[in-house]
Amino acid sequence: MADSIIIRTRDLTKAYGTKVAVNHLNLEIRRGEIFGLLGPNGAGKTTTILMLLGLTEPTLGNALIDEHDCTRESMHVKRITGYLPDNAGFYSDMTGRENLRFTARLNGLPEKEIDPLIDRLLERVSMTYAADQKTGTYSKGMRQRLAIADILIKDPEVIIMDEPTLGLDPEGMREFLELIKELSVKDGKTILVSSHQLYQIQQICDRVGIFVDGSLIACGGIGELGSQIASRGHYTLEIEAEPCDDRFLGFIGGMKSVTGVSKEGNTFVISSSEDLRSEITKFLGMNDYKLLHMHQKGGDLDEIYRVYFEEADKEERGESDGKGSRKHRFGRGRK
Ligand code: ATP
């Protein structure tokens with residue numbers, strides 16, 4: 001069962017009037033994996049999540065969780081799926097423990113099982129120390145951790161998180177990402193996490209889907225997407241040499257596979273359709289330059305986005321002449 005599909009969408013589509021928020025989405029998420037649904041604001045991530053949770057109906061197509069239709073069998077789907085919104089709400093004048101007790105009772109857990117379970121879950125999310133504090137005094141990171149405990153009360157197979165790391169400080173972020181990873185690795189939960197924060201998500205996802213304007217434009221492991229880029233002839237090289245002079249810049253600009261050069265401090269960042277490393281080191285060696293730094297970029301999400309969005313933009317411009325480049329509002333977040 002390790003690689004069986006637990007979330008499947010088939011031509012899942014949602015239109016609001018003439019606006020197509022999600023466009024024929026075909027997605028397969030494996031049991032136990034962390035899948036990142038990544039895209040800029042307005043890409044359609046939340047709409048997809050709402051359809052998975054049975055909270056809004058597709059215009060076309062369907063979504064299944066564990067073979068159950070998310071619209072027609074939404075009660076079953078809700079039983080096996082936990083949802084963490086970007087800002088989990090609790091009763092602020094109740095303590096963390098009281099809030100969890102409230103959820104446990106709502107879920108119909110036998111009274112004598114509730115307190116021992118809550119103790120275990122608070123321990124699990126490192127919140128025992130604040131269990132008897134009112135949630136109105138919690139930081140964002142504490143609320144998000146308590147929200148995970150809250151979700152775990154019903155022991156769901158799937159956990160869906162919508163922008164869960166927004167507003168967390170670096171330490172809160174690190175702890176929260178560790179917790180997400182543990183839920184997948186130790187507990188075997190399947191996790192779908194939507195985000196526009198590239199770096200955080202890159203650290204924990206087994207696979208990512210890149211979502212733009214309602215369509216999935218790429219899907220796979222980070223390494224897989226990275227090598228797809230290299231095999232399509234996209235290279236980015238950072239290089240710093242001494243002296244950093246016009247002759248060196250002229251040489252770089254003169255190479256036929258170079259498609260762009262920018263300068264960051266004393267470092268040139270060169271985009272090209274071929275690997276330039278040997279040609280450049282040969283030039284430097286023959287002309288008495290000193291090589292200070294050379295790094296072939298690629299394979300990280302930033303590069304993946306850049307390449308896929310450039311291609312998506314080109315296609316769009318090809319179809320509608322003169323439209324210009326779209327602006328995608330992705331956040332790099334804190335590294
Ligand atoms: P964000 O991170 O900003 O929430 P998102 O990727 O989650 O972005 P959605 O919220 O799913 O994107 O929105 C996708 C598109 O659908 C947007 O253009 C949005 O304006 C539109 N949209 C979403 N909900 C509605 C609605 N109820 N009525 C009309 N349009 C909507």
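Both ligands and their constituent atoms are indexed starting at 1 by order of listing. Residue numbers run from 1 in the order of the sequence given. Fair warning: this is a prediction, and the values are worked out from it, not measured in the lab.
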* Do ligand 1 and A21 have nitrogen or oxygen atoms that lie under 3.5 Å from each other? -> no
* Output yes when the distance from some N or O of ligand 1 to some N or O of K45 is under 3.5 Å, and no in every other case. => yes
* Any non-hydrogen atom of G39 lying under 4.0 Å from ligand 1? -> no
* **Shortest reach to atom 9 (P) of ligand 1 by a heavy atom, considering only V212, I49, D86, T47** => T47
* Asked: Counting distance only, does the side-chain N/O of T81 pair as donor-acceptor with the main-chain N or O of K78 below 3.5 Å?
  -> no
* **Any donor-acceptor pair under 3.5 Å from T9 side chain to L27 backbone** => yes
* **F248 and F283 aromatic ring geometry - parallel, tilted or perpendicular at 30°/60° bounds** => parallel
* To do: Quickly, which of L121, I114, D115 forms a side-chain contact (heavy atoms from CB on, under 4.5 Å) with L117? Name it, please.
  => L121
